[in-house]
Amino acid sequence: MDFLKVFDMLAWFPENISTFGGDLDALFAIIYYISVGIFFLTFGILGFFLVKYRYRPDRRGYNYHGNNIVELTWTILPTILFAAIGLYSDEIWERTKYSKRVPKADLEILVMGKTFGWMFLYPGADGKFGRNAHNDRSARSLITLDNPFGIDSNDVYGKDDFFVENQFKVPVNANIVMRGSSVDVLHSFFLPNMRVKQDVVPGTWMNIWFNSFKPGHYEIACAELCGTGHGGMRGQYDVLSKTDFDKWSDSKNAEMLAAQTPAPMASAEPAVADSTKK
Amino acid sequence: MSTAVTHSSEAEHAEHAEHAHDHGHDHAHHDLPWYRKYVFSTDHKVIAKQFMLASLIFLFVGGAFALFLRWQLAYPGQPVPVIGTLLPSQWVDNTGAIAQDFYYQLVTMHGSIMIFLVIIPLAVGMFGNFCIPLMLGTDDMALPRLNMWSFWLVPPAGVIIMSAFYVDGGYAAAGWTSYPPLSGVINSPTFTVSGQTLWLIAVFLIGFSSIMGAVNYVTTVLNKRAKGMKLFDMPLTIWGLFITAIIITLGTPVLAAAIAMLFMDNFFHTSFFLPDNLIAHTRHGIEAGAGQPVLWQHLFWFYSHPAVYIMILPLMGIVSDVIATFSRKPIYGYKAMVFAIAGIAFLGFIVWGHHMFQSGMNPLLGTTFMLSTIVIAVPSSIKVFNWLGTLWRGNIKFTTAMLNALAFVSMFIIGGLSGVFMASAPVDIYIHDTYFIVAHIHYVLFGGSLFGIFAGIYYWYPKMYGKMLNESLGRKHFYWSFAAFNATFFPMHIIGLGGHMRRIHDPSIYEFLKPIEGWNKFVTIAAIILGFSQLFLVINILWSLKYGKKAPRNPWRANTLEWAAPPHPGHGNFDRDIVVYRGPYEFSVEGRELDYWPQWEPGKSISVHHHTIVVDEKQESNAFGTH
Ligand code: HEM
Ligand SMILES: [Cu+2]
Ligand SMILES: [Cu+2]
């Protein structure tokens, strides 16, 4: 019976774990059912005509050049159908992608693509990023392969920012907002189960957000050709319960602290209050 | 110029042609040296054949590349069977398995060859050249010498793009879309010729060739129609080619400009498309730059979305003509068809952003492009309905040409439907850059364009070479191709929904792709069958050239003007004056014994409630129209 799966496209999606993923899959399903309908309608008519009007020597074709009312009908009906799909899609599109609809972040992460891997920067214990290429464009000149985020090591807020490679961990049921870029060529940050895909472009930052309802271990891929290692740009991520996530980030923070001599307390106000904006 | 010569001796040449096709092809002018007859010819029919030959060769190169990459996807890292160890050492590792960097060259070259060196030259170059003067009832193109050059830029382009074999690093490997920075940044000093540099030069030349051809087509259609032929007396093939030519003249210069910029980034290390502080692949940084990588995508797709219509509008026209002829029916809604083509062409220029929903383009623009893209599905569906309307109450003959035309219509429906999924921007988030897209492009470009091209070849071969193609070989070619085509490309929808990215060399490393592993193998086997099915076509073309049945003047009992020409027309085309009396689709007219009424036959008719009725039929002139 597995064979019947062939006819049910929807069965082939990997499991959805994100809040908006359900909307996207449902929209796919709607278009799919409409398409199946149109498919059977047009192929039915086509097949019927081909059989019914197949060549017979005693018959002639019918000299008829068409009819404007019919033309108008089959112009207007698809227009209405397609426009409806478009408008309905747009609602979902605005909700998932528009910059001003990005939800308030429970956790902010920077993601950077490089050939061939993914790097993730967490704000650390203070929950704030120090000066880096995201919040200060001039810090782009600090970008090197060893410092892909262009972190300014003199900024106290940055002392506890930590980064991980080809894997990340996020808490379940939280709004995760990522800002993505690349150090070299285009990549596309693809989380199949999360229904997330966003090209990352060197020189600019993209908004990526999601909220997962299901803890587990999943895969990261790259969806934009980026060179010889493109197919191998695999990473992994975990969606953890709040406590597990806290435990992990505490241990990361402790690592960072241990690696540094005690930092002087910050005396000055940070130049920018919102760590994501210049 | 040679047209002037032919005018004076048109009848004589045509006469000569009728006799000469008995003994091979030695029919052309004896006053021209051989290289002007067969190589640097200005005869539109010779140029059409040259396009056909060059592109069919590339069809097999591109197809072979596709089979290599299919092998790697189904059996990653395993030696290519039979020929593995015979392949050049740049292509395979020492076990005979596809080398990883060659895989990315394969993907790039397969796409580039198929689009720039196969579909465009066949759809526009071959059919444009062959059909336009003949179907307009004229002796040649308006600008034959320009026409010659439009062909003679293609072989050098082919050689240049393929010569990357001898260059360090091999062929271009940034995909047929060549997105920078990947395509702009190389790991070597300035002035290094890489595969990418050669790719850019080659595509620039092909663009140039397209523009020359297009200027010529537009001029010819506007100036050289036979006496009495109004624009709305032109067959849809001509409409398709005419509007395609307009798209080319408007779109291709933009591609040329973009390519020139990318070439400078690539070769001189400027930074039109490169931002500052870029860490180039591994070795060196690019100093300059406040460029924008996404700008390339805008420029590229501003051309390349219209280009997908360049690749299908001519075939839509051809398929319409084939369907009308073999259903013995007028096209249902001829004017609606013309307006739909024009509508697609216009809308085609405002939808390019649907390739860029996930590119980082402002999502606000995503909304705009989504709506315009969805609107473009409307003229596409109008065309489908009109084709169905044409079949309705016909008397349908299933010749090979007709079978291929019907395949076009049905496969285009599937490709159009998958287009609607991707046109919906939120749905596209997940399926963008997966095999779902690959399925779509092959349903429209192979299922659509290539089957349309096959239909055209089967339909016009008799006029091209004076011989009929073998129908039974043709049918075999069709059935094998059609079945293998669907077995190859339909499962790609499923593979795509499983999340399989495009252009990856090894799906087996991903856990989430395990469920579709079996499909990858299935597709590869089907693709191999599909590839080998094309041998029927080659055999048929070659065999019929020599042993084919002699073609009568009007083998399909069609109405359009090319069938007024002798079976294998020489330079100058027609052996008598052509005057057009009616539209191209007067089949099965009431009050007429024959079920077709060629455009060139005198006679009066009136139109009553969308039916044509004979008023005054000049029977005696029929002798010339029939066999
Ligand atoms: C109903 C009409 C069509 C619609 C709505 C449509 C829509 C789309 C969309 C939205 C994409 C971008 C998908 C993505 O990258 O995520 C796309 C890709 C593509 N379409 Fe269509 N399409 C239609 C017809 C055609 C036709 C007729 C052709 C060619 C003859 C064509 C050729 C292509 C190609 C080649 C691509 C892929 C380009 C690439 O990224 O390599 N499409 N189409
Ligand atoms: Cu990649
Ligand atoms: Cu497009």
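Each chain gets a letter, A, B and so on, in the order its sequence line appears, and its residues count up from 1.
A side-chain N or O of A:R131 and one of A:S138 form a donor-acceptor pair less than 3.5 Å apart.
The most heavy-atom pairs under 4.5 Å with chain B, out of A:Y62, A:F116, A:Y88, come from A:Y62. Chain B forms more heavy-atom pairs under 4.5 Å with one residue of A:L191, A:N207, A:V201, A:L10 than with any other, namely A:V201. When the candidates A:E15, A:R59, A:M233 are compared by the number of heavy-atom contacts under 4.5 Å with chain B, A:R59 comes out ahead. Comparing A:D199, A:N63, A:N193 by how many heavy-atom pairs each has under 4.5 Å with chain B, the most go to A:N63.
Both the backbone and the side chain of A:Q198 come within contact range of chain B, judged by heavy atoms closer than 4.5 Å. Using a 4.5 Å cut-off between heavy atoms, B:P491 does not touch chain A at all. A:A83 touches chain B through its backbone: at least one of N, CA, C or O sits under 4.5 Å from a heavy atom, while the side chain does not. Using a 4.5 Å cut-off between heavy atoms, A:F190 contacts chain B through its side chain alone, with no backbone atom that close. Neither the backbone nor the side chain of A:L77 comes within contact range of chain B; no heavy atoms are under 4.5 Å apart. Using a 4.5 Å cut-off between heavy atoms, A:Q236 does not touch chain B at all. For chain A, the nearby part of B:L371 is the side chain; its heavy atoms alone come within less than 4.5 Å. Heavy atoms of A:V70 lying under 4.5 Å from chain B belong exclusively to its side chain.
Between the side chain of A:N147 and the backbone N or O of A:T144 there is no donor-acceptor pair closer than 3.5 Å.
Closest approach of B:G333 and A:E71 over heavy atoms only: CA-OE2, 3.3 Å.
Stacking of B:K397 on the aromatic ring of A:Y55 is recorded, both the 6.0 Å distance cut-off and the 45° axial limit being met. Annotation: cation-pi geometry not satisfied between B:K329 and B:F587 (NZ/CZ under 6.0 angstrom from ring centroid, within 45° of ring axis).
Rounding to the nearest 0.5 Å places OG of B:S178 at 11.5 Å from CD of B:Q297.
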